[in-house]
Amino acid sequence: MRRLEAISLMRKFEAMSVFRQASVIVFLALVGADLLTTIFYGIFFSDRYLLDIVLTSIIVIIVGYPLAYFFLGQNVRLRQMAVELDRVARIDDLTGLYNRRTFFSECETAIKGLGEGAFLYVDVDHFKKLNDRFGHAAGDSVLREFGDVISVCVRGGDVAARLGGEEFGIYLAHADLANALKVAERIRKRSLRIGPAVGLDDVLVTVSIGIAMRDQGQTLDELMQLADENLYVAKEQGRDRVVSGISGKRAA
């Protein structure tokens, strides 16, 4: 119980601003210094007690506060750097989605012990031509906007990432085929608005999506392979479509 209370107090302390943290530390130091001064001078120099208690307090404040503020400020900056480094290691900066390494890690965790689930392999159609025509800055704007599209369309427990270039992967935990088709079609239709959203009014940005449903015991690599085959079918059939089976049936 005491350990939990101590942890709770530490969290409350860390949630304070650096100014308030420094003030708390200096106040405690001041109380301790004055208490020791009171004990010491009560025994030896009671006639100078008032003067020395004032001097002790002033010294603690002048010396302690700048030191406490400096070191606490450094501690806060180090924590912020650690959070940022963790974010950079996990997130694709352009789209705000997971990067490839984090995606595989999160998916392996998500599929353990789960039954239903769906993998969506997504590719932005003719992306190289768009880059060649409008430049890489425009291409980056398209990918950034598409990252937002995916973020809006998936649920909180789903795993979405930029796998590389214009390719994206989405794992929908506990999703059946109907749910997977609904999410995929939502992404496909929202993608049609990307051109005007990034200032390319005469450009129709489309995506092709291959869906694979997970069987019990199926590995992530096997699931991705099936989705990739369906993505290939979608592209062969003319792009801007969702394919959920090797037969190439387009979602309604």
Side-chain angles (χ1 to χ4, degrees), residues 92 94-128 130 142-195 204-252:
D92 174 64
L94 186 61
T95 62
L97 303 174
Y98 284 137
N99 57 30
R100 185 182 183 91
R101 184 182 66 177
T102 306
F103 177 76
F104 282 103
S105 174
E106 292 291 328
C107 278
E108 291 292 352
T109 301
I111 66 176
K112 286 181 180 178
L114 296 180
E116 285 187 327
F119 182 83
L120 277 58
Y121 220 137
V122 189
D123 188 87
V124 180
D125 297 326
H126 301 300
F127 185 73
K128 184 178 184 304
L130 187 149
V142 168
L143 292 179
R144 189 179 297 109
E145 189 70 20
F146 186 58
D148 291 341
V149 167
I150 290 179
S151 296
V152 168
C153 292
V154 298
R155 305 162 303 177
D158 298 329
V159 185
R162 181 186 180 197
L163 300 180
E166 67 275 23
E167 292 186 346
F168 296 79
I170 306 168
Y171 184 75
L172 306 175
H174 303 291
D176 57 18
L177 181 57
N179 290 330
L181 289 171
K182 186 182 296 185
V183 172
E185 275 297 317
R186 192 181 301 138
I187 292 172
R188 187 187 68 81
K189 290 175 181 177
R190 282 181 176 268
S191 299
L192 301 176
R193 311 174 194 171
I194 290 178
L204 185 64
V205 177
T206 65
V207 298
S208 299
I209 304 176
I211 299 177
M213 302 304 301
R214 179 177 179 265
D215 293 328
Q216 191 69 30
Q218 193 174 40
T219 68
L220 179 60
D221 287 341
E222 292 169 341
L223 191 63
M224 291 182 66
Q225 178 62 36
L226 290 173
D228 190 37
E229 291 173 7
N230 288 339
L231 175 62
Y232 179 79
V233 173
K235 288 185 172 294
E236 285 290 300
Q237 290 188 348
R239 296 178 169 83
D240 184 25
R241 65 192 62 222
V242 177
V243 171
S244 59
I246 302 302
S247 61
K249 181 180 178 181
R250 179 174 170 170

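One finds the CG atom of L130 at 10.5 Å from the NE2 atom of H126 (value rounded to the nearest 0.5 Å). Considering OG of S208 and CG of D123, their distance stands at 6.5 Å, rounded to 0.5 Å. Put simply, CZ on F168 and OH on Y121 are 11.5 Å apart, with the number rounded to the nearest 0.5 Å. Residue K235 holds its NZ atom at 10.5 Å from CD1 of I209, rounded to the nearest 0.5 Å.
Of all the heavy atoms in C107 and Y171, the pair that sits closest is SG-CB, 3.6 Å. Heavy-atom minimum distance, G147 versus L97: O-CD2, 3.9 Å. Of all heavy-atom pairs spanning A180 and M213, the tightest one is CB-SD, 4.3 Å. The two residues G165 and L143 come nearest to each other via the heavy atoms O-CD1, 3.8 Å. Closest heavy-atom contact between G157 and A173: O-CB, 4.4 Å.
Applying the salt bridge (charged side-chain N to carboxylate O under 4.0 Å, His left out) test to pairs two or more places apart or on separate chains, those with a residue in residues 161-176 are D92-R162.
Other residues, nucleotides and ligands place no more than 12 heavy atoms under 6.0 Å from the NZ atom of K182. More than 12 heavy-atom neighbours from other residues, nucleotides or ligands sit within 6.0 angstrom of CZ on F127.
In this structure, the side chains of F104 and M224 come closer than 4.5 Å at one or more pairs of heavy atoms. Side-chain contact between E236 and V233 is absent, with no heavy-atom pair separated by less than 4.5 Å. Between F119 and L226 there is no side-chain heavy-atom pair separated by less than 4.5 Å. Residues L172 and V183 meet the side-chain proximity criterion, which asks for heavy atoms closer than 4.5 Å. Residues V159 and I170 have side chains not in contact (no heavy-atom distance under 4.5 Å, counting atoms from C-beta outward). Between F146 and I150, some side-chain heavy-atom pair lies under the 4.5 Å cut-off. The shortest side-chain heavy-atom distance between L181 and V242 falls under the 4.5 Å cut-off. Side-chain atoms of S244 and N230, non-hydrogen and from C-beta on, never get closer than 4.5 Å to each other.
Paired with V124 under the rule side chain to side chain contact (heavy atoms under 4.5 Å, CB included), one option of T206, V205, I194 passes, and it is V205.
A donor atom on one side chain and an acceptor atom on the other are not found under 3.5 Å apart for D148 and S151.
A donor-acceptor pair under 3.5 Å is formed between the side chain of Q218 and the backbone N or O of D215. Under a 3.5 Å cut-off, the side chain of R241 and the backbone N or O of R239 do form a donor-acceptor pair. Remark: the backbone N or O of I187 is paired with a side-chain donor or acceptor of S191 at under 3.5 angstrom. Side chain of R214 to main chain of G117: no donor-acceptor pair is present (N/O by atom type, distance under 3.5 Å, no hydrogens or angles).
Listed by chain and number, the residues in a salt bridge (Lys or Arg N to Asp or Glu O under 4.0 Å) with R155 are D158 (sequence neighbours excluded).
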Stepwise side chain to side chain contact (heavy atoms under 4.5 Å, CB included) test for D240 and L192: CA-CA 9 Å; D240 184 25; L192 301 176; 4.2 Å; yes
